[in-house]
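First up is the structure itself, then whatever we jot down about it.
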Amino acid sequence: AKKTGPNTIRFYDPAVQAELEARAELERDLRLAIEREEFVLAYQMQVDSLGRPIGAEALIRWEHPTRGRISPGVFIPLAEETGLIVPIGTWVLHAACKQLVAWQTLAHTKQLVLAVNVSAKQFQQPNFVYTVANALVVSGASPYRLKLELTESTVLGKVEETIARMRQLKTLGISFAMDDFGTGYSSLQYLKRLPLDQIKIDQSFVRDLHQDSDDRAIVQTIIAMGRALGLNVIAEGVETREHWRFLNEHQCHAYQGYYFCKPVTAAEMEKQCLAPPPE
Ligand code: C2E
Ligand code: CA
Ligand code: CA
Ligand code: CA
């Protein structure tokens with residue numbers, strides 16, 4: 001580090017420089033990824049209290065031509081910062097609706113509801129309602145089979161706008177889940193006011209259920225509160241039989257996690273839907 005003034009310190013760190021360049025390159029590639037058709041959706045089954053398939057969450061995957069598969073945990077934050085999440089999110093909506101139509105033609109998948117993640121910036125686009133309606137119309141998918149997962153960051157500082165927009169979408173038949181529930185702040189304010197259908201207990205509360213009595217208390221409370229408010233409650237990150245047992249005992253409505261099914265291709269999930277549910 002070199003001192004250039006009383007308050008500025010400049011770093012000439014080759015590691016930092018390399019990191020900045022790698023990031024710029026990733027951003028360039030991300031810009032091209034849609035037209036190069038490098039994105040695919042993975043699907044993770046959601047089940048009811050008897051372990052029967054009721055739906056799936058669509059999770060985006062990026063097959064980079066040279067670097068292989070890049071995790072959404074890496075490129076979604078970059079897409080959000082650069083605004084690329086808007087076209088990427090539109091691609092996800094179209095791909096998800098197309099999959100819904102395919103499922104609507106199969107006896108054992110036609111009831112499945114598909115949950116799609118929506119970023120705050122995407123939801124706040126003035127034409128978001130149009131974008132969703134358009135994806136439904138173009139594909140012919142039923143709006144009653146589409147669920148949008150929002151996070152608390154979607155609502156932050158824009159409660160009235162969010163409520164108005166959610167109402168418009170609900171009029172079309174679409175439902176809403178609050179993702180990562182319990183990890184943001186003001187959760188209860190939002191919970192009371194937003195026209196939600198479901199809350200999704202964050203996997204960080206589920207992970208250590210067997211070791212951590214605080215997590216057990218939190219999970220029980222979220223389920224009881226959700227139920228009291230007439231909301232459907234789903235738990236994510238259900239990895240073990242113990243998780244499943246505990247959540248089931250406390251009357252969680254729906255479940256998602258490696259215990260039932262990993263995120264897989266649509267074809268693979270369809271096969272899994274025919275397999276008997278776990279005990
Ligand atoms: P999320 O919405 O909270 O999705 C759940 C994440 O948990 C997924 O990671 C999923 O693969 C993982 N998961 C599922 N079951 C288990 C389990 O039993 N144990 C553990 N440890 N993990 C489990 P993934 O697919 O890497 O996605 C990461 C995040 O990227 C998502 O978190 C979501 O925030 C974002 N994301 C993924 N697809 C999209 C998308 O299409 N649009 C937007 N805006 N964000 C997306
Ligand atoms: Ca999600
Ligand atoms: Ca989540
Ligand atoms: Ca999460």
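Whatever order the structure lists ligands and atoms in, that order sets their numbers, starting from 1. Bear in mind the structure is a predicted one, so any value in this text is a computation, not a measurement. For reference, positions follow the sequence shown, starting with 1.
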Please find out if the Ca ion (ligand 2) and some N, O or S atom of Asp180 are separated by less than 3.0 Å.
->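 No.
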Number the atoms of ligand 1 from 1 as they appear, then name those within less than 4.0 Å of a heavy atom of [X], with their elements.
X: Glu236; answer: 3 (O), 5 (C)
X: Val92; answer: 41 (O)
X: Pro263; answer: 11 (O)
X: Gly257; answer: 15 (N), 18 (O)
X: Asp180; answer: 3 (O)
X: Pro72; answer: 24 (P), 25 (O), 26 (O), 27 (O), 28 (C), 30 (O), 37 (C)
X: Glu57; answer: 2 (O), 4 (O)
X: Glu239; answer: 17 (C), 18 (O), 19 (N), 20 (C), 21 (N)

Closest approach of Pro278 to Phe260 (non-hydrogen atoms, all atoms of both residues) =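 Result for this residue pair: CG-CD2, 3.6 Å.
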Please work out whether the ring planes of [X] and [Y] are parallel, tilted or perpendicular, with thresholds of 30° and 60°.
X: Phe176; Y: Phe123; answer: perpendicular
X: Tyr259; Y: Trp244; answer: tilted
X: Phe39; Y: Trp91; answer: tilted
X: Trp103; Y: Tyr43; answer: perpendicular

Keeping the roles fixed (side chain from His243, backbone from Thr240), state whether a donor-acceptor pair exists under 3.5 Å.
-> yes
Gln44 side chain to Cys261 backbone, donor-acceptor under 3.5 Å =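 It does hold such a pair.
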Quick one about [Y] and [X] (side-chain donor to acceptor, distance below 3.5 Å, no hydrogens or angles considered), yes or no?
X: Asp48; Y: His253; value: no
X: Gln256; Y: Gln46; value: yes
X: Thr109; Y: Glu270; value: no

Ile60, Leu41, Thr240, Asp202: member with heavy atom nearest to atom 39 (C) of ligand 1 |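 Going through Ile60, Leu41, Thr240, Asp202 one by one, Ile60 has the nearest heavy atom to atom 39 (C) of ligand 1.
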Which of the listed options, Ser119, Gly237, Ala58, holds the heavy atom that is closest to atom 44 (N) of ligand 1?
->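 When every heavy atom of Ser119, Gly237, Ala58 is considered, Ser119 comes closest to atom 44 (N) of ligand 1.
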Taking heavy atoms and a distance under 4.0 Å, where does [X] meet ligand 1: side chain, backbone, both or neither?
X: Gln203; value: side chain
X: Val116; value: neither
X: Gln44; value: side chain

Min N/O separation Tyr258 to ligand 1 under 3.5 Å | yes
Please find the N/O/S atom of Glu149 nearest to the Ca ion (ligand 2) and write down its name.
-> OE1
Taking the Ca ion (ligand 2) as the reference point, name the nearest N/O/S atom of Glu57.
-> OE2
Determine the sole option in Leu191, Leu188, Leu196 for which the side chain to side chain contact (heavy atoms under 4.5 Å, CB included) test with Leu229 is passed.
-> Leu191
Take Ile85 and Leu78 through the side-chain contact (heavy atoms from CB on, under 4.5 Å) test and state the conclusion after the steps.
-> CA-CA 8 Å; Ile85 193 63; Leu78 181 63; over 6 Å; no
Sub-4.0 Å heavy-atom approach of Gly89 to ligand 1 = no
Could you establish whether Glu80 and ligand 1 come within less than 4.0 Å of each other, counting only heavy atoms on the residue side?
-> no
How wide is the angle at the Ca ion (ligand 3) between OE2 of Glu236 and OD1 of Asp179, to the nearest 10°?
-> 120°
